[in-house]
Amino acid sequence: MEWTTLVESEIFQPDHRQLIEELGETRLREWVLEMNIIRAFEEKAEDLFARGLVHGTMHLSIGQEAVAVGASAAMEDGDYLLNHHRGHGHCLAWGSDVRLMMAEFLGKETGYCRGRGGSMHIANVEMNNLGANGIVGGGIPISVGVGLSIKKRKTRQVCLTIFGDGAANEGAFHESLNMASIWDLPVVYLCENNQYAMSMPVQKAFNIRYISQRAAAYGIAGVTVDGNDVLAVYDAVRTAAQRARNGEGPTLVEALTYRWKGHSKSDRQAYRTRDEVKEWQARDPIHRLAHLLEMSEAEYEEIVKKAQAAIEEAVEFANASPEPDLSTIMEGVYA
Amino acid sequence: MREITYVEAIREALFQKMSEDETVFLIGEDIGVYGGAFGATAGLIQQFGEDRVIDTPISEAGIAGACIGAALTGFRPVGEIQFMDFVTLSMEQLVLQAAKIRFMFGGKAKVPFVLRMPGGSGTGAAAQHSESLENWFVHVPGLKVVMPSTPYDAKGLLIASIEDDNPVIFVEHKLLYKIKGPVPEEMYRVPLSQSHVVRPGKDLTIVATSIMVQRALQAADQLAKEGIDVEIIDPRTLRPLDDEPILESVVKTGKVLIVHEAVKMAGFGGEIAARIAESSAFDYLEAPIRRLGGLDIPIPYNRNLEYHAVPQVENIVEEARNLAALKV
C-alpha cells in the first residue's frame, strides 16, 4: 500500500470483502462482542456516576469503539500500548480483564492500579499496556523511549501510541514525532480524531484538512481512515505496524470518529448541535460491522446481552472487592 | 589518593557504569562529538558509539520522555539537560509522568533513570542560563533530587543514582566542574539519602548544598582563625532527605545557618528550618535559625551584580560570626 505524504491526502478505503475473508467471520463476530463490551462498560460507568456510586470524573468513548478494537486487533502479543484519558476502550480491547478494570474504576484494591490510578490512569504493565494518561499528549514523548528501547533490544515489537486531535496541537507531539522519525522508531502514532478537543472543534484548531498531513513535516507516512469503520482502522494500523516491524519507522494514522457523550461529566455540550450528534450516531461503528456481517437482529441482541452480563459480573466483583487500606497510603511512591 | 576534577569524576562514573551495564545509555543535546556543553561526556561516543551516546534535537520534553519510556521497558538511561534552566521545558514529563507513574499504577512499574543538569550562576550567562531550580523538584513526591558538592560525591552519587530504581534529578554546578579532589579509581557508591558531616565542629552548624558547601568550608577556615569552630553538613540528597545528622548537629551546637544558592524565598532552607523547628532539636537552639540564599531577583548579567546576587564566602563568614556572637 502506498500512502501519500503529500499535502492533500484522501481518506483511505479498505477492501472490506477481502478483509472479511482474511479475518474470518468468527473473529469479526468477536469484534462485535468486544465493541459491545466497551460500550456496555461506558454505559455502566455513566450509570454508576449518575447514581453517585463513583466519584471524580470520566471520559466516555461511546461511538469510538472501532478505533480501540481495530487498532488493538492489528497489534501482536508483546507490543506496547500508550493511550489517553478517554482510554477505557483501548485498555479493554488490549485484552485486559474487565473485572480488574471495573475494580480500578471504582477505586478498589483489586483494580489494575490498586485504586490509585482510577479512570484516567489504568495501566496493565504485565501486558505491556504502559497506561492511559491524564495529560493531553503526555504519552507521546514516552513513546520515543519505548521505541528506542525496542530498537536497542532488536525485538520485533511495536509501540502503539494513541492520542486525540487535541494532543496533535501540543508541543510534545512535534518533538516526539520528529525524534521517532529521525531514529526510525517502531511506533504507530494513532490520532483518534473525535472532532473536538473538549469544546474546540478541529475545524477551528487546525488549518489543514487532515491531521495526518502533518506526517509530511516529519518525513513519515501518514494516512487518514474512517475511524468508525473497524476494518479500515485495522487495515491501516496493521500496515503501519508492519512498516515499523520492518524497520521503516513510525507512521501517523488518523482515525476520524466522534464522541457521542460530552467531554467529561461537567460538559453541557453548548458547542455542538443535537442534529450533529444524531448524524454521527447514525454511523454507529458497531452496527456497521454487524451490518457488514449480515447479522440478524436476534444474533446482535444476544451479543449485546452477553456484553452487559460481563459488565454486571465485573461490577459485582468490584463491589465485593476491598477498598485500599488506609495503612497503605504511602506505598508505591518509590521503588 | 589520585585527584581529578568534578567533571572528570562525572565522566568516569558514566564510563564505568556504561562499561558494566549495557542497559545504561546517554541521551541529550550535543553530548556526542561535542562532548556536552561542559565536557561531561567528552570522548564517550568514541568509546560506546552513537547507539549509547545519543545526540538529540533541541527537544527537552522529548529527552525526558525518551528516558521515561526506555526506563519503563528495561533500560537505565542517563539524560542530560544542557542547562538546568532548560528543564522547565521538560517539566510535564518529569513531574506529571516520571514522578507519578509508579504510584498511579499501584506500584507495578518502575522508572529508573537519571537526568543530569548543571545549575548555578557565576559564569556571566545571565538570567536564563544560571537558575537553581532544585526546590521545584524537591516538592514532588516520586522524584529524587541529588546535588553533589565534591568530585568524590559526584562520582559516588552518580553511580548510586544510576543504580537507583527511581527517577533521579542530578543537579551539578557549573563552577564546581573544574574543582579538584581525591577520587578513587575503582567504582564506589555514595548512598542516596545520606547527609554527610563534611567538617565537624562544636560552635555552629552550617547546612549547605552544592557549591555553598565549598564556600562554607572556606568560611569555616577563616572563622577558625577567630576561634569559631563550625560544623558543616551537606545533605547531598535533598529528596528523600536524611535529616537526622542535621538535627543531631543542631542539638550539639545550638546554632544553625542554612546556605544555598537558590532564591531564599520558598527555598530548600525553609524546609530544613521547619524540620528543626518541628523537632526536639528546637529546644536546644540558642539563637534564631538563619538562612542565606539568593536575592529575590533573576540572576543579573553584570559581573558585580551577579556576584552579589548569591551568597559568597564573605557573606557566610559575616552571618556565621554574628550568629556565633549571639548569647542566649
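Naming: A, B, ... by sequence-line order, numbering from 1 per chain.
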Would one find more than 12 heavy atoms of other residues, nucleotides or ligands at under 6.0 Å from atom [atom1] of [X]?
X	atom1	answer
B:Tyr188	OH	yes
B:Gln128	CD	no
A:Asp77	CG	no
B:Glu22	CD	no

Seminar exercise, completed: So side chain to side chain donor-acceptor pair (under 3.5 Å) across residues 160-171 of chain A, not counting sequence neighbours, yields A:Asn169-A:Arg214
Exercise. Where along residues 26-33 of chain B does a heavy atom come under 4.5 Å of chain A, listed by residue number?
Worked result: B:Ile27
Problem set entry | Residues from residues 69-77 of chain B approaching chain A under 4.5 Å (heavy atoms) | B:Gly69, B:Ala70, B:Leu72, B:Thr73, B:Phe75
[Y] and [X], any side-chain heavy atoms less than 4.5 Å apart:
X	Y	answer
A:Lys152	B:Arg52	yes
B:Ile68	A:Pro141	no
B:Asp51	A:Lys151	no

For this session: Heavy-atom distances under 4.5 Å only: say whether A:Asn124 touches chain B with side chain, backbone, both or neither.
Result: neither
Heavy atoms only: give me the nearest [X]-[Y] pair and the separation to one decimal.
X	Y	value
B:Glu60	A:Glu175	N-OE1, 3.5 Å
A:Gly138	B:Glu92	CA-OE2, 3.9 Å
B:Asp55	A:Trp183	O-CZ2, 3.4 Å
A:Met179	B:Ile63	CE-N, 4.0 Å

How long is the gap from [atom1] on [X] to [atom2] on [Y], to the nearest 0.5 Å?
X	Y	atom1	atom2	answer
B:Ile58	A:Asn178	CD1	CG	11.5 Å
B:Phe105	A:His121	CZ	NE2	8.5 Å
B:Gln93	A:Ile135	CD	CD1	9.5 Å

Exercise. Any residues in residues 324-335 of chain A near chain B, with a heavy-atom distance under 4.5 Å, and which are they?
Worked result: A:Ile329, A:Glu331, A:Gly332, A:Val333, A:Tyr334, A:Ala335
Problem set entry | Residue, of A:Val144, A:Ile142, A:Leu185, that accumulates the most heavy atom pairs under 4.5 Å with chain B | A:Ile142
For this session: Validate the cation-pi geometry between B:Lys108 and A:Tyr112: distance from NZ or CZ to the six-membered ring centre under 6.0 Å, angle to the ring axis within 45°.
Result: no
For this session: Against chain A, work out which of B:Pro240, B:Pro167, B:Gly142, B:Gly107 has the most heavy-atom pairs shorter than 4.5 Å and name it.
Result: B:Gly142
Exercise. Could you walk me through whether B:Ile54 and A:Leu148 pass the side chain to side chain contact (heavy atoms under 4.5 Å, CB included) check?
Worked result: CA-CA 10 Å; B:Ile54 304 173; A:Leu148 265 179; 4.1 Å; yes
